[in-house]
2 protein chains.
Amino acid sequence: MTKPRSRRGGGRPTIADVASKAGVGAITVSRALREPGRVSEDLRRQIQAAVDELGYVPDPNARALASARAEVFGVLVPSLTNNVFAEVVRGIYDSLSNSPFRIQIGNTHYSGLEEERLLQVFGSQRPAALIVAGIDQTPSARRLLENAGCPVVQVMETGPDPVDMMVGFSHFDGGRTATEHLLEAGYRKIGFIGARMDPRSQRRLAGYRAAMEAAGLFDARLITTTPVPSSVTLGRELFRDALAKMPTLDGVFCNNDDIALGVLFECHRASIDVPKQIGIVGFNDLDMMQVSFPSITSVRTHRYEIGTRAVALALAAIAGNRPEQRIADLGFELVRRESTAR
Amino acid sequence: MTKPRSRRGGGRPTIADVASKAGVGAITVSRALREPGRVSEDLRRQIQAAVDELGYVPDPNARALASARAEVFGVLVPSLTNNVFAEVVRGIYDSLSNSPFRIQIGNTHYSGLEEERLLQVFGSQRPAALIVAGIDQTPSARRLLENAGCPVVQVMETGPDPVDMMVGFSHFDGGRTATEHLLEAGYRKIGFIGARMDPRSQRRLAGYRAAMEAAGLFDARLITTTPVPSSVTLGRELFRDALAKMPTLDGVFCNNDDIALGVLFECHRASIDVPKQIGIVGFNDLDMMQVSFPSITSVRTHRYEIGTRAVALALAAIAGNRPEQRIADLGFELVRRESTAR
DNA sequence: GCCCTATATGGTAGCGCTACCATTTGTCTG
DNA sequence: CAGACAAATGGTAGCGCTACCATATAGGGC
């Protein structure tokens with residue numbers, strides 16, 4: 001009744017082909033591939049030979065269907081072009097490149113609704129683990145994560161109430177540290193310039209505010225923000241706005257390095273001396289911060305490591321040994337450079 | 001014999017649940033979801049109601065297994081952090097966000113072998129389409145693409161011999177145009193500075209060389225390259241090397257904008273006047289080129305559009321109307337700015 | 001009125017793999 | 001040396017879905 005070879009499959013070898021070639025049952029081939037320890041040395045060799053000869057590659061879809069578990073890591077980030085998330089994603093890829101796991105990335109465009117929709121889609125695949133950026137999921141997204149039935153790692157920042165596990169650092173502390181550094185360097189009229197203003201930016205702003213209030217120097221007019229996505233061009237424009245509003249400005253904590261670079265360029269153009277007239281601090285410490293002229297002080301964050309650590313935690317949880325510490329705070333470092341050395 | 005509800009599936013509703021709730025056959029539900037036109041208005045409504053009520057989401061793995069075709073676009077890029085590819089990938093994501101297709105990205109790390117390996121892995125999933133960066137696949141990678149049994153789009157550059165379809169532009173022409181612009185502006189000792197030197201960089205270099213030779217000004221000592229990945233820091237270092245080697249240098253065509261920015265910063269630091277003493281041209285025209293001081297002339301490339309166009313071509317091919325023109329040349333534009341205006 | 005065709009729906013049989021249980025064999029106890 | 005038990009292997013029955021074919025009904029031409 002059955003046709004000689006699958007009528008739909010396009011003729012690629014299946015596990016049954018390998019089994020008959022090796023003279024064993026299909027299930028033994030399956031085991032030899034997934035849990036080699038449970039198959040005798042002899043058969044393992046025969047099976048491997050048959051696999052090599054036929055060029056057999058297991059079908060991940062059939063595997064996922066039969067085992068009710070796909071070998072997929074779902075990753076949700078708000079942006080694909082923002083270097084910060086690109087680095088995290090790169091860390092994830094590098095950590096999984098020698099594993100059987102595939103990666104599925106979703107771009108939420110900083111939208112909670114889009115995040116919910118993608119979690120729904122991802123959930124339908126029964127992923128092996130989920131890695132999501134941020135800790136500000138909508139209630140319904142949070143429920144989806146809790147019921148995902150797989151390890152979940154929230155990355156980029158730390159907070160008090162993880163869905164499952166967390167890898168990141170405190171953006172509030174980062175913002176405060178950057179501002180305190182400007183204060184210690186003697187700057188007084190320190191502005192905050194930020195674009196996009198996602199939850200992490202908001203917390204950096206809160207850190208800035210805490211430092212300024214502690215010094216008795218806070219003034220709401222020092223803050224210049226926009227919901228528009230960040231760019232170097234925008235940094236320049238926002239700085240001009242800030243100066244127009246507050247001509248006595250003598251320092252700026254920039255929400256990120258793109259903004260900081262825009263500020264630096266505008267200072268060049270307007271012949272404002274950095275660091276004498278204006279001190280600049282960026283955030284993330286991209287490569288260019290150390291080369292710019294003058295070089296720019298920035299808060300270095302460990303983005304690649306956030307990706308690798310998130311994968312390590314997820315893999316441990318999959319293997320059954322969930323780590324003791326569910327929250328990994330990777331911290332940050334203030335890197336002092338010429339832009340604040342007066 | 002059968003347990004009341006799937007023992008493995010975790011209790012999520014299946015197509016059979018929807019079918020019995022709507023009082024129709026499972027196959028009709030399947031059709032209503034995939035080809036609504038073939039199901040009567042009445043049933044379609046009943047089925048939709050059942051789907052909504054149960055919160056049914058089709059299992060993509062079962063679907064892929066049964067139809068021997070996964071709703072997945074495989075995307076192969078050499079880097080995840082390089083802004084150029086990130087933009088292409090963003091274009092792909094945005095174009096597919098309202099389609100049933102998922103996206104699977106592979107990072108080849110600029111390695112042909114890794115590309116082969118990933119094509120093997122991707123192939124095992126029977127993707128709906130493949131989008132790969134570059135036109136320099138190894139022979140065996142090319143064979144995998146030809147036998148993929150799905151539309152294939154090579155992106156980033158154009159060439160004479162597409163596997164299937166192509167979207168990009170001529171890097172040779174880009175390099176030549178940039179160099180000719182420097183020549184027209186009166187620069188004579190024009191250097192080429194490049195990092196990574198992947199095939200596209202090589203072709204830009206070839207374009208530079210063609211222009212220099214045509215002007216009778218070519219000199220191998222004007223070329224400074226390294227296989228090291230590109231960065232702003234590296235741009236600065238390479239420029240110093242170039243100057244040490246050839247102190248009379250009066251212009252540079254930089255393989256990309258990161259390098260160009262590094263060159264600009266070094267000029268600031270060494271008090272070299274741009275554009276009077278040195279003219280600078282970058283490649284790709286990142287946002288920051290227009291804001292830097294002085295602003296930097298660059299070759300604008302249409303990266304996001306490459307992504308969207310590649311998806312459009314692939315979707316057309318999937319729908320059965322393969323475009324007449326298999327090669328889409330999106331061109332580039334030289335954007336003249338202060339760094340070459342003397 | 002008959003046959004032909006088009007449209008709408010359903011039943012059956014897998015897709016390629018693994019969970020579950022059964023069977024076989026070898027080894028160790030007392 | 002019987003009985004117990006672990007290790008190695010296999011058979012069967014699905015996982016949730018769709019391709020393929022069959023069936024039913026409604027119209028259209030002569």
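What you see below is based on every heavy atom in this structure, not just the backbone, and it leaves out hydrogens, waters and symmetry mates.
A donor-acceptor contact under 3.5 angstrom links the side-chain atoms of B:Arg31 to the base of C:dG10.
Contact of the B:Phe122 side chain with the B:Val75 side chain is not registered, since no non-hydrogen atoms from C-beta on lie closer than 4.5 Å. Between A:Asp198 and A:Pro78 there is no side-chain heavy-atom pair separated by less than 4.5 Å. Residues B:Ile103 and A:Ile105 are not in side-chain contact: their nearest non-hydrogen atoms beyond the backbone lie 4.5 Å or more apart.
Here the P atom of nucleotide C:dC15 and the CG atom of A:Leu65 are 13 Å apart, to the nearest Å. Rounded to an integer number of Å, the gap from B:Asp59 CG to D:dT18 C1' is 13 Å. Between A:Arg12 atom CZ and C:dC15 atom P there is a gap of 14 Å when expressed in whole angstrom units. Here C:dT7 presents its P atom at 13 Å from CD of B:Glu35, a figure rounded to the nearest Å. Spacing between atom CG of A:Asn61 and atom C1' of D:dC15 amounts to 13 Å, rounded to whole angstrom units. Whole-Å rounding puts the A:Gln125 CD to D:dG16 C1' distance at 14 Å. One atom, CG of B:Leu54, and another, P of D:dG16, lie 14 Å apart when rounded to the nearest Å. Between A:Arg126 atom CZ and C:dT18 atom C1' there is a gap of 14 Å when expressed in whole angstrom units.
Residues of residues 22-30 of chain B that place a heavy atom closer than 4.0 Å to DNA chain C, in numerical order, are B:Val24, B:Gly25, B:Ile27, B:Thr28. Non-hydrogen atoms lying under 4.0 Å from DNA chain D are contributed by A:Val39, A:Ser40, A:Leu43, all within residues 37-50 of chain A.
In the model, A:Asp42 has no side-chain atom that pairs as donor or acceptor with a side-chain atom of A:Gln46 under 3.5 Å. A:Glu87 and B:Thr81 are not linked by any side-chain donor-acceptor pair at a separation below 3.5 angstrom, with hydrogens and angles left out of the test. For the residue pair B:Gln125/B:Gln104, the side-chain donor-acceptor check at 3.5 Å is satisfied. Side-chain atoms of B:Thr108 and B:Glu114 include no donor-acceptor pair closer than 3.5 Å. Defined by atom type and a distance below 3.5 Å, a donor-acceptor pair is missing between the side-chain atoms of B:Gln137 and B:Arg143. If you check the side chains of B:Arg44 and B:Ser40, you find no donor sitting under 3.5 Å from an acceptor. Between the side chains of B:Arg142 and B:Thr138, no donor N or O sits under 3.5 Å from an acceptor N or O.
Look at B:Glu71 and B:Arg102 and you find no salt bridge, because none of the NZ, NE, NH1 or NH2 atoms lies under 4.0 Å from a carboxylate O.
For B:Arg63 and D:dA19, the shortest distance from a side-chain N or O to OP1 or OP2 is not below 4.0 Å.
For the helix from C:dG1-D:dC30 to C:dG30-D:dC1, the terminal axes (five pairs an end, C1' atoms, rotation from four pairs onto the next four) enclose an angle of 30°, given to 10 degrees.
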